[in-house]
Amino acid sequence: RPRVLSGIQPTAGSFHLGNYLGAVRQWVALQESHDAFYMVVDLHAITVPQDPKELRANTRLAAAQLLAAGLDPDRCTLFVQSHVPEHAQLGWLMNCLTGFGEASRMTQFKDKSAKQGADRATVGLFTYPVLQVADILLYNADQVPVGEDQRQHIELTRDLAERFNGRFGETFTIPAPYILKETAKIFDLQDPSIKMSKSASTPKGLINLLDEPKATAKKVKSAVTDTETVIRFDPENKPGVSNLLAIYSTLTGTGIPELEQKYEGKMYGALKTDLAEVMVDFVTPFRTRTQEYLDDPETLDSVLAKGAEKARAVAAETLAQAYDRIGFLPAK
Ligand code: ATP
Ligand code: MG
C-alpha cells in the first residue's frame, strides 16, 4: 500500500469548507486504499500567537472534526504533531539544508507575513514550510493530499529530499502532491478571486462547518455571482457561479455537466437555494458527530495516544537513519 501523509491546523472554532473539500474529504477516501497518516499540526499553529488554553481545546476540536468527517482510527493513523518529537528534530536538519533565498520564495510565507506586518512575523512562520518538509519525509510518504496552496511546499519537499539523498545517500522517498482538480481551490463566497481561508476570508465568504446551519444557508444564498443569468462552469469569466457548481458537484457526487443541464434556463436563486439545502444536510450530522466526540474527551485522547505511538514507531526509524547519514555520533 502506498503511503499518504497530511496535516491540518487546530483552527479556532471550526474547519471551513475549503479544508474539507480540498483536503479532509480526500483523506477519508484514501484511508481505504493507502497506508494513511494524518495529524493535527499544533507545531504549525504556534507560528502565529496562540492562547494556550484555546490551543489545547482547538487541538481536541480538530481531532473530533476529523473523526466526524469519517477518519477511522482502525484504518488510518491519526495523531497530534507535538506528540511525535521527531517532527521538530528532523525539521532542524531540513532547516540546515534550506537556502535562505529558497525559503524566502515561499508564497504562503509572503502572504501570511505581509498580513501580520513584517516586524511581527516570527522566524517560526518563516521556516514553517521547512517543518512541513520534515513532516512529510519522516513517514516517507508517496503522496500528500492537500489543496492547491500547498503545491509549492510539496515542491520544496521534493527538492530537499533529493538534496539530502544526493549528499548523504538514498534516505527519503520523493513525495508527489495529491491535488484533485475540481476542489484544489475553493473560493471565498463573497470574493471568488481569493481562496476560502481562515486567515484571509471575509466572515460572510467563509463557510465554517460548525456554524449554525441556518447561518450557513444564508451565506450560500448571498454568495456573489455575476451579472449574467446563465448557470455555466467557467472559472475564468464566472468564478462565483463556478465555485458554487464545484461545491455542489462534490458534495452530491453529481457531474458538473449534469448540473449545468439541470439548471438550464433557471435563475441563480434556484441554484443557491438547492445548494443551501445540500450544505445544511451535510453540516447538520457533521456538527452532531463532532459534539459526540467532544463529549467523550477520554476516548478522544486515547485514540490520539494510540495514533502517536504508531506514528512514532515510523518517525523514530526515519530520524535515526537521517542522524546516522548526516554524521551524528550515536549516543551509547
Ligand atoms: P491558513 O489561512 O491559516 O493557512 P487554511 O484555511 O489554509 O488556514 P490549513 O490548516 O492551513 O487551513 O489547511 C489545511 C488543508 O486545507 C491544506 O491541505 C490546505 O491546502 C487545504 N485548504 C485550505 N484552504 C483551502 C481552499 N480554499 N480550497 C482547497 N483547499 C484548501
Ligand atoms: Mg493554509
Side-chain angles (χ1 to χ4, degrees), residues 1-16 18-46 54-88 90-91 131-132 134-147 150 173 175 178 198 209-210 285-319:
R1 273 151 84 94
R3 187 169 283 169
V4 291
L5 171 123
S6 197
I8 189 157
Q9 296 189 61
T11 308
S14 167
F15 294 162
H16 59 73
N19 296 144
Y20 177 71
L21 293 179
V24 176
R25 199 167 179 281
Q26 281 64 264
W27 300 8
V28 176
L30 287 166
Q31 66 184 345
E32 307 302 333
S33 50
H34 287 63
D35 183 17
F37 288 77
Y38 303 124
M39 59 181 175
V40 180
V41 293
D42 52 355
L43 297 182
H44 288 285
I46 63 163
E54 280 171 28
L55 178 60
R56 216 164 349 252
N58 289 334
T59 301
R60 279 209 184 101
L61 179 61
Q65 288 179 90
L66 290 173
L67 294 168
L71 290 190
D72 174 355
D74 290 329
R75 275 181 266 178
C76 71
T77 303
L78 173 63
F79 63 102
V80 174
Q81 188 185 26
S82 66
H83 292 177
V84 182
E86 285 81 1
H87 289 262
L90 186 64
L131 177 58
Q132 218 177 304
D135 296 339
I136 297 165
L137 296 185
L138 262 183
Y139 300 90
N140 284 303
D142 298 291
Q143 287 171 309
V144 187
V146 285
Q150 295 302 314
T173 303
Y178 181 93
K198 67 158 178 289
L209 298 185
L210 294 176
F286 177 81
R287 288 178 97 210
T288 312
R289 283 199 300 270
T290 301
Q291 194 53 53
E292 285 167 5
Y293 286 111
L294 287 176
D295 287 341
D296 186 0
E298 267 172 44
T299 304
L300 193 59
D301 288 356
S302 84
V303 163
L304 295 173
K306 269 188 212 135
E309 204 179 309
K310 283 201 277 173
R312 269 201 93 170
V314 177
E317 196 179 321
T318 313
L319 184 77

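- Summarising the geometry of Thr77 relative to Ala311, their closest heavy-atom pair is CG2-N, 4.0 Å, with the distance given to 0.1 Å.
- Note that CG of Leu209 is 10.5 Å distant from CZ of Arg287, once rounded to the nearest 0.5 Å.
- In this structure, CE on Met39 lies 11.0 Å from CD1 on Ile8, to the nearest 0.5 angstrom.
- Residues Val314 and Tyr139 approach most closely at CG1-CD2, 3.8 Å, considering heavy atoms.
- With a 4.5 Å cut-off on side-chain heavy atoms, Asn140 and Thr318 count as touching.
- Separation of atoms CD (Gln150) and OG (Ser6) is listed at 8.0 Å; rounding is to 0.5 Å.
- Between Thr290 and Leu61, some side-chain heavy-atom pair lies under the 4.5 Å cut-off.
- Interatomic distance, Leu66 CG to Asp72 CG, rounded to the nearest 0.5 Å: 12.5 Å.
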Query raised in the report: Could you go step by step and tell me if Phe79 and Glu309 meet the side chain to side chain contact (heavy atoms under 4.5 Å, CB included) rule?
Result: CA-CA 9 Å; Phe79 63 102; Glu309 204 179 309; over 6 Å; no
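- When side chains are defined from C-beta on, Asn58 does not count as touching Thr11, because their heavy atoms never get closer than 4.5 Å.
- Looking at heavy atoms from C-beta onward, Leu67 lies in side-chain contact with Leu300 at the 4.5 angstrom threshold.
- Residues satisfying the side chain to side chain contact (heavy atoms under 4.5 Å, CB included) criterion with Ala134, sequence neighbours excluded, are Leu90, Met94.
- Checked by atom type, the side-chain pair Asp42/Thr59 shows no donor-acceptor distance below 3.5 Å.
- In this structure, Ser14 and Lys198 have side chains that are not in contact, with every pair of non-hydrogen atoms separated by 4.5 Å or more.
- Between Ala315 and Val84, the shortest heavy-atom contact is CB-CG1, 3.8 Å.
- Judged purely by atom type and a 3.5 angstrom limit, Thr173 has no side-chain atom pairing as donor or acceptor with the backbone of Asp142.
- Counting non-hydrogen atoms of other residues, nucleotides and ligands closer than 6.0 Å to CD of Glu298 gives a total of 12 or fewer.
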Requested in this report: Please assess Leu138 against His87 for the test side chain to side chain contact (heavy atoms under 4.5 Å, CB included), listing each intermediate value before the final yes or no.
Outcome: CA-CA 7 Å; Leu138 262 183; His87 289 262; 3.7 Å; yes
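- Taking the salt bridge (Lys or Arg N to Asp or Glu O under 4.0 Å) definition, one finds that Asp301 meets it with Arg60, sequence neighbours left out.
- Under a cut-off of 6.0 angstrom, the local environment of CD in Glu317 is sparse, with at most 12 non-hydrogen atoms contributed by other residues, nucleotides or ligands.
- Under the 30°/60° scheme for interplanar angles, the aromatic rings of Trp27 and Tyr38 are found to lie parallel.
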Query raised in the report: Going through the checks in order, is the side chain to side chain contact (heavy atoms under 4.5 Å, CB included) test met by Phe15 and Leu210?
Result: CA-CA 7 Å; Phe15 294 162; Leu210 294 176; over 6 Å; no
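- Side chains of Asp135 and Gln81: a donor on one and an acceptor on the other come within 3.5 Å.
- In plain terms, the two heavy atoms of Ala141 and Pro175 that are nearest each other are O-CB, 3.3 Å.
- Put simply, the residue from Gln143, Arg75, Arg1, Arg3 that forms a side chain to side chain donor-acceptor pair (under 3.5 Å) with His34 is Gln143.
- Using a 4.5 Å cut-off on side-chain heavy atoms (C-beta onward), Leu294 and Gln291 make contact.
- Residues Ala62 and Pro10 come closest through the heavy atom pair CB-CA, 4.0 Å.
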Requested in this report: Output, in order, the C-alpha distance, side-chain angles, deciding distance and verdict of side chain to side chain contact (heavy atoms under 4.5 Å, CB included) for Val4 and Tyr178.
Outcome: CA-CA 9 Å; Val4 291; Tyr178 181 93; 6.0 Å; no
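- Scanning all heavy atoms of the two residues, the minimum distance from Leu319 to Glu86 falls at CD2-CG, 3.7 Å.
- The number of heavy atoms from other shown groups lying within 6.0 Å of NZ (Lys310) is above 12.
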